[in-house]
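What you are looking at is a predicted structure, and each value in this text was computed from that prediction instead of being measured. Note on naming: letters A, B, ... go to the chains in the order of the sequence lines (proteins, then strands), and numbering restarts at 1 for each one.
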Number of protein chains: 2
Amino acid sequence: MLGDMPRPDFQKQLRDVALRVTRPRLAVLEAVHAHPHADTESIIAAARALLPEVSHQAVYDSLHTLTGAGLVRSIKPAGSVARYETRTGDNHHHVVCRSCGEIADVDCAVGHVPCLTASDSHGFVIDEAEVIYWGLCPDCTSRPQ
Amino acid sequence: MLGDMPRPDFQKQLRDVALRVTRPRLAVLEAVHAHPHADTESIIAAARALLPEVSHQAVYDSLHTLTGAGLVRSIKPAGSVARYETRTGDNHHHVVCRSCGEIADVDCAVGHVPCLTASDSHGFVIDEAEVIYWGLCPDCTSRPQ
DNA sequence: CATCTTTCTTGAATCAGTCAAGATCTCGCG
DNA sequence: CGCGAGATCTTGACTGATTCAAGAAAGATG
(Lines give C-alpha, C1' and ligand atoms only; values in the text may rest on other atoms or scores of the structure.)
Protein backbone atom coordinates (compact mmCIF):
# COMPACT_ATOMS: atom_id res chain seq x y z
CA MET A 1 0.00 0.00 0.00
CA LEU A 2 2.78 2.41 0.79
CA GLY A 3 5.60 0.89 -1.20
CA ASP A 4 7.84 3.83 -2.00
CA MET A 5 7.66 7.40 -0.85
CA PRO A 6 10.61 9.79 -1.03
CA ARG A 7 10.41 11.23 2.47
CA PRO A 8 13.27 11.43 4.91
CA ASP A 9 14.46 7.87 5.44
CA PHE A 10 12.62 7.28 8.69
CA GLN A 11 12.75 3.54 8.09
CA LYS A 12 16.51 3.64 8.04
CA GLN A 13 16.57 5.80 11.15
CA LEU A 14 14.53 3.20 12.97
CA ARG A 15 16.67 0.31 11.79
CA ASP A 16 19.83 2.19 12.71
CA VAL A 17 18.76 2.28 16.32
CA ALA A 18 17.57 -1.33 16.26
CA LEU A 19 13.88 -0.52 16.49
CA ARG A 20 11.22 -2.34 14.56
CA VAL A 21 9.74 -0.51 11.63
CA THR A 22 6.04 -0.17 12.26
CA ARG A 23 3.34 1.95 10.69
CA PRO A 24 2.58 3.84 13.91
CA ARG A 25 6.22 4.74 14.45
CA LEU A 26 6.64 5.98 10.90
CA ALA A 27 3.48 8.02 11.21
CA VAL A 28 4.65 9.51 14.49
CA LEU A 29 8.10 10.34 13.11
CA GLU A 30 6.52 11.94 10.10
CA ALA A 31 4.07 13.89 12.25
CA VAL A 32 6.74 15.18 14.59
CA HIS A 33 8.96 16.10 11.67
CA ALA A 34 6.14 18.00 9.99
CA HIS A 35 5.05 19.82 13.15
CA PRO A 36 8.05 20.83 15.26
CA HIS A 37 7.20 21.72 18.86
CA ALA A 38 3.73 20.21 18.55
CA ASP A 39 2.05 18.86 21.65
CA THR A 40 0.94 15.26 21.98
CA GLU A 41 -2.63 15.94 20.96
CA SER A 42 -1.52 17.60 17.73
CA ILE A 43 0.84 14.75 17.01
CA ILE A 44 -1.92 12.23 17.51
CA ALA A 45 -4.07 14.19 15.08
CA ALA A 46 -1.25 14.48 12.54
CA ALA A 47 -0.38 10.82 12.88
CA ARG A 48 -4.00 9.86 12.28
CA ALA A 49 -4.00 11.90 9.10
CA LEU A 50 -1.44 9.38 7.86
CA LEU A 51 -2.70 6.31 9.64
CA PRO A 52 -6.33 6.83 10.66
CA GLU A 53 -6.61 4.16 13.29
CA VAL A 54 -3.57 4.72 15.48
CA SER A 55 -4.45 4.59 19.12
CA HIS A 56 -3.33 7.41 21.34
CA GLN A 57 -1.56 4.81 23.40
CA ALA A 58 0.56 3.74 20.41
CA VAL A 59 1.51 7.36 19.84
CA TYR A 60 2.50 7.82 23.47
CA ASP A 61 4.48 4.62 23.39
CA SER A 62 6.17 5.51 20.11
CA LEU A 63 7.10 8.93 21.38
CA HIS A 64 8.65 7.40 24.48
CA THR A 65 10.52 4.79 22.50
CA LEU A 66 11.73 7.25 19.90
CA THR A 67 12.76 9.68 22.60
CA GLY A 68 14.70 6.95 24.33
CA ALA A 69 16.40 6.08 21.05
CA GLY A 70 17.26 9.72 20.42
CA LEU A 71 15.25 10.07 17.22
CA VAL A 72 12.98 12.67 18.74
CA ARG A 73 13.48 15.02 21.63
CA SER A 74 10.84 16.07 24.08
CA ILE A 75 10.60 19.42 25.78
CA LYS A 76 8.25 20.31 28.58
CA PRO A 77 8.33 24.01 29.43
CA ALA A 78 6.74 24.68 32.80
CA GLY A 79 3.01 25.15 32.45
CA SER A 80 2.92 23.42 29.11
CA VAL A 81 2.22 19.88 28.04
CA ALA A 82 4.94 17.77 26.44
CA ARG A 83 6.14 18.86 23.01
CA TYR A 84 8.35 17.04 20.55
CA GLU A 85 10.80 17.74 17.75
CA THR A 86 13.05 15.75 15.44
CA ARG A 87 15.92 18.21 15.65
CA THR A 88 18.31 16.19 17.76
CA GLY A 89 22.05 16.12 18.07
CA ASP A 90 22.74 19.78 17.45
CA ASN A 91 23.02 21.76 20.63
CA HIS A 92 20.08 24.10 20.26
CA HIS A 93 17.71 25.54 22.82
CA HIS A 94 14.28 27.13 22.94
CA VAL A 95 12.53 30.42 23.49
CA VAL A 96 9.07 30.16 24.99
CA CYS A 97 6.54 32.96 24.95
CA ARG A 98 5.12 33.56 28.42
CA SER A 99 1.91 34.84 26.93
CA CYS A 100 0.91 32.50 24.12
CA GLY A 101 3.23 29.56 24.67
CA GLU A 102 4.80 29.82 21.22
CA ILE A 103 8.15 28.05 20.96
CA ALA A 104 11.06 28.79 18.64
CA ASP A 105 14.51 27.30 18.22
CA VAL A 106 17.63 29.26 19.09
CA ASP A 107 21.28 28.47 18.97
CA CYS A 108 23.15 29.60 22.02
CA ALA A 109 25.19 32.77 21.69
CA VAL A 110 28.35 30.92 22.57
CA GLY A 111 27.84 28.65 19.62
CA HIS A 112 29.16 25.60 21.38
CA VAL A 113 28.14 23.70 24.46
CA PRO A 114 27.80 26.75 26.67
CA CYS A 115 27.04 26.24 30.27
CA LEU A 116 27.79 22.56 30.24
CA THR A 117 30.51 23.11 32.77
CA ALA A 118 28.82 24.20 35.94
CA SER A 119 31.14 25.69 38.52
CA ASP A 120 30.21 23.31 41.30
CA SER A 121 28.11 20.38 40.24
CA HIS A 122 27.87 18.82 43.70
CA GLY A 123 29.38 15.62 42.39
CA PHE A 124 26.76 15.18 39.70
CA VAL A 125 27.94 13.75 36.37
CA ILE A 126 26.33 16.12 33.90
CA ASP A 127 25.60 14.96 30.37
CA GLU A 128 23.26 17.63 29.08
CA ALA A 129 22.43 21.25 29.64
CA GLU A 130 18.90 22.25 28.76
CA VAL A 131 18.24 25.93 28.31
CA ILE A 132 14.87 27.58 28.07
CA TYR A 133 14.61 31.30 27.38
CA TRP A 134 11.44 32.92 28.66
CA GLY A 135 10.02 36.07 27.16
CA LEU A 136 7.45 37.41 24.76
CA CYS A 137 7.10 36.56 21.12
CA PRO A 138 6.89 39.35 18.52
CA ASP A 139 3.11 39.15 18.32
CA CYS A 140 2.54 39.32 22.06
CA THR A 141 5.10 42.10 22.38
CA SER A 142 3.27 44.33 19.95
CA ARG A 143 -0.13 43.81 21.51
CA PRO A 144 0.47 43.56 25.28
CA GLN A 145 -2.84 42.41 26.77
CA MET B 1 -0.51 31.02 69.98
CA LEU B 2 2.52 31.76 67.84
CA GLY B 3 3.41 35.17 69.13
CA ASP B 4 7.14 35.45 68.63
CA MET B 5 9.49 33.17 66.80
CA PRO B 6 12.84 34.29 65.40
CA ARG B 7 12.43 32.98 61.86
CA PRO B 8 13.21 34.85 58.66
CA ASP B 9 10.85 37.82 58.45
CA PHE B 10 8.32 36.27 56.14
CA GLN B 11 5.71 38.74 57.30
CA LYS B 12 7.83 41.60 56.11
CA GLN B 13 8.49 39.86 52.81
CA LEU B 14 4.76 39.58 52.26
CA ARG B 15 4.09 43.19 53.16
CA ASP B 16 6.93 44.35 50.95
CA VAL B 17 5.20 42.91 47.93
CA ALA B 18 1.80 44.18 49.02
CA LEU B 19 0.36 40.79 49.87
CA ARG B 20 -1.82 40.14 52.85
CA VAL B 21 -0.23 38.32 55.73
CA THR B 22 -2.20 35.16 56.29
CA ARG B 23 -1.46 32.03 58.26
CA PRO B 24 -1.50 29.78 55.19
CA ARG B 25 0.97 31.97 53.34
CA LEU B 26 3.35 32.11 56.27
CA ALA B 27 3.14 28.36 56.64
CA VAL B 28 3.82 27.84 52.96
CA LEU B 29 6.77 30.24 52.96
CA GLU B 30 8.19 28.52 56.00
CA ALA B 31 7.66 25.09 54.46
CA VAL B 32 9.29 26.00 51.17
CA HIS B 33 12.18 27.64 52.99
CA ALA B 34 12.70 24.56 55.12
CA HIS B 35 12.46 22.11 52.23
CA PRO B 36 14.11 23.49 49.12
CA HIS B 37 13.13 21.72 45.89
CA ALA B 38 10.22 19.99 47.60
CA ASP B 39 7.21 19.01 45.52
CA THR B 40 3.73 20.28 46.23
CA GLU B 41 2.70 17.26 48.22
CA SER B 42 5.67 17.63 50.56
CA ILE B 43 4.99 21.31 50.95
CA ILE B 44 1.38 20.62 51.85
CA ALA B 45 2.56 18.14 54.48
CA ALA B 46 5.18 20.55 55.83
CA ALA B 47 2.68 23.41 55.89
CA ARG B 48 0.21 21.25 57.81
CA ALA B 49 2.87 20.53 60.40
CA LEU B 50 2.71 24.24 61.15
CA LEU B 51 -0.94 24.85 60.45
CA PRO B 52 -2.85 21.55 60.62
CA GLU B 53 -5.94 22.55 58.73
CA VAL B 54 -4.61 24.21 55.60
CA SER B 55 -6.43 23.02 52.55
CA HIS B 56 -4.40 21.82 49.61
CA GLN B 57 -6.18 24.47 47.61
CA ALA B 58 -4.86 27.24 49.86
CA VAL B 59 -1.35 25.86 49.42
CA TYR B 60 -1.70 25.77 45.65
CA ASP B 61 -3.08 29.28 45.66
CA SER B 62 -0.38 30.55 47.99
CA LEU B 63 2.33 28.99 45.88
CA HIS B 64 0.94 30.63 42.77
CA THR B 65 0.59 33.98 44.46
CA LEU B 66 4.03 33.85 46.03
CA THR B 67 5.54 32.74 42.76
CA GLY B 68 3.89 35.64 40.99
CA ALA B 69 5.22 38.01 43.63
CA GLY B 70 8.72 36.59 43.27
CA LEU B 71 9.00 35.31 46.84
CA VAL B 72 9.28 31.72 45.72
CA ARG B 73 10.37 30.22 42.45
CA SER B 74 8.95 27.13 40.85
CA ILE B 75 10.82 24.63 38.76
CA LYS B 76 9.31 21.80 36.78
CA PRO B 77 11.92 19.48 35.33
CA ALA B 78 10.47 17.24 32.63
CA GLY B 79 8.98 14.11 34.13
CA SER B 80 8.70 15.67 37.56
CA VAL B 81 5.95 17.48 39.36
CA ALA B 82 6.32 21.14 40.31
CA ARG B 83 8.96 21.96 42.90
CA TYR B 84 9.56 25.17 44.78
CA GLU B 85 12.36 27.11 46.45
CA THR B 86 12.81 30.44 48.20
CA ARG B 87 16.18 31.17 46.64
CA THR B 88 15.17 33.91 44.24
CA GLY B 89 16.99 36.80 42.73
CA ASP B 90 20.40 35.23 42.42
CA ASN B 91 20.98 33.73 39.01
CA HIS B 92 21.37 30.08 39.91
CA HIS B 93 20.36 26.96 38.08
CA HIS B 94 19.73 23.30 38.83
CA VAL B 95 21.17 19.85 38.31
CA VAL B 96 18.63 17.07 38.13
CA CYS B 97 19.48 13.41 38.50
CA ARG B 98 18.00 11.36 35.67
CA SER B 99 17.82 8.34 37.91
CA CYS B 100 16.43 9.42 41.25
CA GLY B 101 15.18 12.92 40.48
CA GLU B 102 17.37 14.56 43.11
CA ILE B 103 17.85 18.29 42.54
CA ALA B 104 20.75 20.49 43.59
CA ASP B 105 21.57 24.15 43.09
CA VAL B 106 24.46 25.26 40.92
CA ASP B 107 25.82 28.62 39.97
CA CYS B 108 26.65 28.93 36.32
CA ALA B 109 30.31 28.67 35.38
CA VAL B 110 30.22 32.11 33.83
CA GLY B 111 29.16 33.59 37.13
CA HIS B 112 26.89 36.15 35.55
CA VAL B 113 23.86 35.97 33.34
CA PRO B 114 25.31 33.49 30.90
CA CYS B 115 23.29 32.58 27.90
CA LEU B 116 20.84 35.40 28.29
CA THR B 117 21.85 36.72 24.93
CA ALA B 118 20.74 34.20 22.39
CA SER B 119 22.27 34.62 18.97
CA ASP B 120 19.00 34.83 17.10
CA SER B 121 15.95 35.16 19.27
CA HIS B 122 13.45 35.29 16.40
CA GLY B 123 12.21 38.64 17.65
CA PHE B 124 11.38 37.35 21.10
CA VAL B 125 12.01 39.71 24.00
CA ILE B 126 13.83 37.48 26.44
CA ASP B 127 13.72 38.24 30.16
CA GLU B 128 14.99 35.03 31.70
CA ALA B 129 17.17 32.07 30.87
CA GLU B 130 16.38 28.89 32.71
CA VAL B 131 19.07 26.23 32.74
CA ILE B 132 18.66 22.64 33.80
CA TYR B 133 21.64 20.31 33.85
CA TRP B 134 20.79 16.64 33.44
CA GLY B 135 22.99 13.89 34.76
CA LEU B 136 23.48 11.47 37.60
CA CYS B 137 23.87 12.31 41.25
CA PRO B 138 26.83 10.90 43.21
CA ASP B 139 24.74 8.10 44.70
CA CYS B 140 23.30 6.93 41.39
CA THR B 141 26.72 7.21 39.75
CA SER B 142 28.33 4.85 42.25
CA ARG B 143 25.62 2.23 42.03
CA PRO B 144 24.48 2.21 38.36
CA GLN B 145 21.40 0.00 38.27
C1' DC C 1 6.26 -20.28 5.77
C1' DA C 2 6.32 -20.89 11.01
C1' DT C 3 7.50 -19.14 15.38
C1' DC C 4 8.84 -16.04 18.82
C1' DT C 5 8.80 -11.19 20.45
C1' DT C 6 7.78 -6.89 20.31
C1' DT C 7 4.35 -3.69 19.56
C1' DC C 8 -0.48 -2.13 19.08
C1' DT C 9 -5.55 -1.86 20.50
C1' DT C 10 -8.99 -1.29 23.78
C1' DG C 11 -10.67 0.31 27.90
C1' DA C 12 -10.12 1.65 32.44
C1' DA C 13 -7.54 4.05 36.09
C1' DT C 14 -4.49 7.54 38.27
C1' DC C 15 -3.00 11.83 39.87
C1' DA C 16 -1.58 16.60 39.74
C1' DG C 17 -3.72 20.54 39.26
C1' DT C 18 -8.01 23.49 38.52
C1' DC C 19 -12.81 25.39 39.06
C1' DA C 20 -16.62 27.19 41.71
C1' DA C 21 -19.52 28.88 45.59
C1' DG C 22 -19.92 30.30 49.90
C1' DA C 23 -17.68 31.16 54.53
C1' DT C 24 -13.90 33.58 56.78
C1' DC C 25 -10.24 36.59 57.65
C1' DT C 26 -7.05 41.06 56.73
C1' DC C 27 -6.52 45.51 56.34
C1' DG C 28 -7.72 50.38 56.40
C1' DC C 29 -10.58 53.80 58.44
C1' DG C 30 -13.58 56.22 61.44
C1' DC D 1 -11.31 49.47 69.13
C1' DG D 2 -15.03 47.97 66.03
C1' DC D 3 -16.86 47.96 61.06
C1' DG D 4 -17.09 47.14 56.18
C1' DA D 5 -15.12 45.90 51.65
C1' DG D 6 -12.65 42.88 49.32
C1' DA D 7 -9.19 39.44 49.24
C1' DT D 8 -8.38 34.78 50.71
C1' DC D 9 -9.55 30.17 52.46
C1' DT D 10 -12.48 25.74 52.83
C1' DT D 11 -14.95 22.22 50.80
C1' DG D 12 -15.92 19.23 47.26
C1' DA D 13 -16.28 18.02 42.66
C1' DC D 14 -14.04 17.91 38.17
C1' DT D 15 -10.76 17.99 34.24
C1' DG D 16 -7.39 16.24 31.24
C1' DA D 17 -2.87 14.52 30.28
C1' DT D 18 -0.53 10.39 30.96
C1' DT D 19 -0.15 5.59 32.48
C1' DC D 20 -1.46 0.57 33.38
C1' DA D 21 -2.98 -3.96 31.92
C1' DA D 22 -4.39 -7.89 29.01
C1' DG D 23 -5.11 -9.83 24.89
C1' DA D 24 -4.69 -9.34 19.64
C1' DA D 25 -1.79 -8.32 15.79
C1' DA D 26 2.31 -7.51 13.26
C1' DG D 27 7.59 -7.53 12.44
C1' DA D 28 11.85 -10.18 12.43
C1' DT D 29 14.54 -14.37 11.89
C1' DG D 30 15.68 -19.04 10.06
Side-chain angles (χ1 to χ4, degrees), chain A residues 1-3 10-31 37-48 50-69 71-72 74-84 101, chain B residues 1-2 10-29 31-32 37-45 47-48 50-69 71-72 74-84 101:
Chain A
M1 203 64 82
L2 40 67
F10 292 133
Q11 295 208 185
K12 182 175 189 313
Q13 289 188 11
L14 285 172
R15 294 186 193 285
D16 285 348
V17 293
L19 285 180
R20 291 193 174 175
V21 179
T22 67
R23 245 81 61 83
R25 284 178 181 169
L26 290 174
V28 169
L29 268 176
E30 182 105 15
H37 308 144
D39 57 47
T40 313
E41 189 181 7
S42 303
I43 292 173
I44 292 176
R48 284 191 172 143
L50 304 165
L51 186 65
E53 343 236 295
V54 234
S55 62
H56 75 143
Q57 186 57 45
V59 175
Y60 270 101
D61 187 49
S62 297
L63 286 172
H64 285 168
T65 306
L66 296 173
T67 300
L71 294 187
V72 308
S74 82
I75 50 182
K76 299 192 185 184
S80 168
V81 294
R83 288 160 183 280
Y84 298 85
Chain B
M1 201 63 83
L2 40 67
F10 293 131
Q11 295 210 186
K12 183 177 189 310
Q13 289 188 11
L14 285 171
R15 294 185 193 286
D16 285 349
V17 293
L19 286 180
R20 292 195 174 176
V21 179
T22 66
R23 246 81 61 83
R25 285 178 180 168
L26 289 174
V28 169
L29 269 176
V32 175
H37 308 145
D39 56 48
T40 313
E41 189 181 7
S42 303
I43 293 173
I44 292 176
R48 284 190 172 144
L50 304 164
L51 186 65
E53 344 236 294
V54 234
S55 62
H56 74 142
Q57 187 58 43
V59 175
Y60 271 101
D61 187 49
S62 297
L63 286 173
H64 285 167
T65 306
L66 296 173
T67 300
L71 294 187
V72 308
S74 82
I75 49 183
K76 300 191 185 185
S80 169
V81 294
R83 288 160 183 282
Y84 297 85

| said: Give me the atom names and distance for the closest heavy-atom approach of A/H56 to A/R48. | reply: N-NH2, 3.5 Å
| message | Looking at A/S62, I'd like to know whether one of its side-chain N or O atoms comes within less than 4.0 Å of OP1 or OP2 on C/dT7. | response | no
| message | Looking at every heavy atom in both A/L51 and A/P24, which two are closest together, and how far apart are they? | response | CD2-N, 3.6 Å
| request: Only counting residues at least two apart or in another chain, list the ones meeting salt bridge (charged side-chain N to carboxylate O under 4.0 Å, His left out) with A/D61. | output: none
Output one line per pair: protein atom, nucleotide atom from nucleotides 28-30 of chain D, and distance, for all N/O pairs under 3.5 Å.
{"residue": "D/dA28", "atom": "OP1", "partner": "A/R15", "partner atom": "NH1", "Å": "3.4"}
{"residue": "D/dA28", "atom": "OP1", "partner": "A/V21", "partner atom": "N", "Å": "3.4"}

| message | By the 4.0 Å heavy-atom rule, please label B/T22 as base, sugar-phosphate, or nothing. | response | sugar-phosphate
| field | Inter-axis angle, terminal five-pair segments of the helix from C/dC1-D/dG30 to C/dG30-D/dC1 [nearest 10°] | value | 40°
| note | Whole-Å distance, B/R48 CZ to D/dC9 C1', equals 13 Å
| query | If you take all heavy atoms of B/I75 and B/H37, which pair is closest and at what distance? | reply | CD1-CD2, 4.1 Å
| query | Is there a side-chain contact between B/L63 and B/V32 (heavy atoms, below 4.5 Å)? | reply | yes
| task | Specify the separation, in whole Å, of atom OH of B/Y60 and atom C1' of D/dG12. | result | 15 Å
| Taking all atoms of both residues into account, what is the closest heavy-atom pair of B/A31 and B/L50, and its distance? | N-CD1, 4.4 Å
| note | Applying salt bridge (charged side-chain N to carboxylate O under 4.0 Å, His left out) to B/D39 and not counting sequence neighbours gives none
| request: Would you mind telling me which residue lines up with the more 5' stretch of DNA chain D, B/V59 or A/A82, judged by nearest nucleotide? | output: B/V59
| Taking only N and O in the side chain of A/R25, is any of them less than 4.0 Å away from OP1 or OP2 of C/dT7? | yes
| query | In whole Å, what is the span from the CD1 atom of B/I75 to the C1' atom of C/dA16? | reply | 17 Å
| message | Check the phosphate of C/dG17 against B/H64, side-chain N and O only, distance under 4.0 Å to OP1 or OP2. Yes or no? | response | no
Find every protein N or O atom lying less than 3.5 Å from an N or O atom of nucleotides 19-21 of chain C, and list the pairs.
{"residue": "C/dC19", "atom": "N4", "partner": "B/Q57", "partner atom": "OE1", "Å": "2.6"}

| said: Nearest whole Å is fine: how far is C/dC15 P from B/I44 CD1? | reply: 14 Å
| Separation of B/L63 atom CG from D/dT8 atom P, in whole Å? | 14 Å
| task | May I ask you to say what B/T65 touches in the nucleic acid, namely base, sugar-phosphate or nothing, with a heavy-atom cut-off under 4.0 Å? | result | nothing
| Counterpart residues, side-chain hydrogen bond (donor to acceptor under 3.5 Å, both in side chains), relative to B/R25 (two or more places apart) | none
| note | In short, B/A47 meets B/A27 closest at the heavy-atom pair O-CB, 4.0 Å
| Between D/dA17 atom C1' and A/D61 atom CG, what is the distance in whole Å? | 16 Å
